[in-house]
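Here is the structure we will look at.
Every chain is numbered from 1, with letters handed out A, B, ... down the list of sequences.
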Amino acid sequence: MLNNARRTALAAVALSALALTACGGDDSSADGAADSGLGLVSEGTLKVCSEIPYVPFEYVEDGEYTGFDIDLIREIAAGMGLETEIQQSAFEAIQGGTAVSAGMCDLSASAVTITPERSENLLFSDPYYDSLQTLMVPEGSDITGIDDLAGKRVGVQQSTTGAAYAQENVEGAEILEYPGDGELFQAIQAGSIDAILQDIAVNTNHTKDGGFDIVEEYQTDESYGFATKKENTALIEEVNAQLADLRENGKYTEIYDKYFAE
Amino acid sequence: MKPSTRRRLFRGVLYVVFILAVLAIVLLADWKAIGVNFFDVEVAKKAFPTIITVAVKNTIIYTAIAFAGGLALGLILALMKLSPVAPYRWAATAYIELFRGLPALLVIFAFAFAVPIAFSWQWPGGNAGGGLIALIVVSAAYIAETIRAGIQAVPQGQIEAARSLGMGPAWTMVSVTLPQAFRIITPPLTNELVILIKDTSLLFIAGMALADRELTTFARDAVSQNANSTPLVLAALMYLIITLPLTQLVAKLERHNQRGR
């Protein structure tokens, strides 16, 4: 009996050794496969991860993804001779770099602010949008700025620079984190929060229909960038070149005005 | 081939398949990338001890509140469903079907946002308070069915015996039927509790203050601050630290109860 067990074990070891060598072979052949040099997940297509919706940067209209980031990235991909494929993703996966490392997409375009922490795990393109933080309150509110917030409830978006700004600069107020702008706007309509502190473009969008006012703006020197894996320098260089072209030929301004002209 | 030889051979093949599967996982995974993204010691250190004093604490508190509330409401619903008065049965059935049929996330959203908007009224504890009420409401629907099944599983003879001793129906229910029913349903009730521990992670949709964050919200926050996914792994570990001893304890309790019968 013991003898048999030993023989089984031996056979197992022999077989696994075989498997080991087989795996090694597989690995090297995968590495050797040649591509366009851009390290794309699938040839001919630029796969883009984005947390949607985040109006006006990315949202769905008439069944199509659209928005400032999306239009811009479509132009960039077209300039590179690539199709665009938008992949909806959670923001955590985008800003920690897991989405690109896991091969979900080649590039993230999701109003991602360039920060030193994020730059440790991600390779950012040149900045393509400069943002301000803003404080928005319901019309007729007695809050006129960050100093009036003591004893009030301020809503921010989880995982954003707006949340970080509020935690550093708002005193005596209760800061509530919501997963996205959708929940934030519902909460202020419900009266559950007294103010929202987040990026200017998103807040501006809510003031368009009336009922809400932006009472203060904060300069935080933040810019959005497209992001990819640390190793994908070739891709980012290409994106930067396209971005420069779009700024030069007026296409960038055209897209910008479409979403941000007042 | 002798049957015993064939059996040994078959067993040997099973061993080989198992070892190969383990080897494949070990060899094919990119452990370095996994390490960088999910097991960064520095990031883990930063999350301590707040993850214990805030996140684990809140997860336990929310679970306790939701379970206690769900148990109380579930008991009422179970008794309503067994009531001889038809409208009570209908109401309980409608409640259970509705809240068992909806995803907890949607119920939390509805309670946290729709109710304040509809009635211009705020929950105690704000949106998160509303979310917690929603968890109670959802867990009660599941627990009610478990309790009902438990009550029906108590042998009829027990009830007849109690009644023939002169106990009233209410007293019989409280002193004879319910204790036995709860002994019977300890395992499925534990299941509800473990599910509830994980369902507290859905409260993030309601919006939370820093000090009120439970494990998942805390981890998602830490992920964004550090631009690294290690806090998610840490949170997963914490859930296991809470649930594993709990299930062990209940298994022990169950064995004890078995002997007592």
(request) Hey, could you give me the OG/CD distance between B/S120 and A/Q189, rounded to the nearest 0.5 Å? (result) 11.5 Å
(request) Name the member of B/G207, B/A206, B/S229 that forms the most heavy-atom pairs with chain A at distances under 4.5 Å. (result) B/G207
(request) Working to the nearest 0.5 Å, report the span between CG of B/D30 and OG of A/S101. (result) 10.0 Å
(request) Answer yes or no: is there a side-chain heavy-atom contact under 4.5 Å between B/N127 and A/Y178? (result) yes
(message) Are the side chains of A/Q158 and B/M208 in contact, using a 4.5 Å heavy-atom criterion?
(response) no
(request) Answer yes or no: does atom CD of A/E171 have more than 12 heavy-atom neighbours from other residues, nucleotides or ligands under 6.0 Å? (result) no
(request) Check each atom of B/F18 against the heavy atoms of chain A and say whether the ones under 4.5 Å are side chain, backbone, both or neither. (result) neither
(message) How close do B/Q122 and A/S192 get, counting heavy atoms only, and between which atoms?
(response) OE1-OG, 3.0 Å
(message) Restricting to non-hydrogen atoms, name the atom on A/T98 and the atom on B/F38 that form the minimum distance, rounded to 0.1 Å.
(response) CG2-CZ, 3.7 Å
(request) Let me know if B/A222 has heavy atoms under 4.5 Å from chain A in its side chain, its backbone, both or neither. (result) neither
(request) With rounding to the nearest 0.5 Å, note down the distance linking CD in A/E92 to CZ in B/R220. (result) 3.5 Å
(message) Contact between A/Q167 and B/L210 at the side-chain level, heavy atoms closer than 4.5 Å - yes or no?
(response) yes
(request) Inspect the surroundings of OH in A/Y218 and state if more than 12 heavy atoms from other residues, nucleotides or ligands are less than 6.0 Å away. (result) yes
(request) Among the options B/V17, B/V36, B/N37, pick out the one with the most heavy-atom pairs lying under 4.5 Å from chain A. (result) B/N37
(message) Tell me the closest heavy-atom pair linking A/E183 and B/F113, and the distance in Å.
(response) O-CE2, 3.5 Å
(message) Taking salt bridge (Lys or Arg N to Asp or Glu O under 4.0 Å) as the definition, give me every residue that meets it alongside A/R153, ordered by chain and number, with sequence neighbours left out.
(response) A/E174
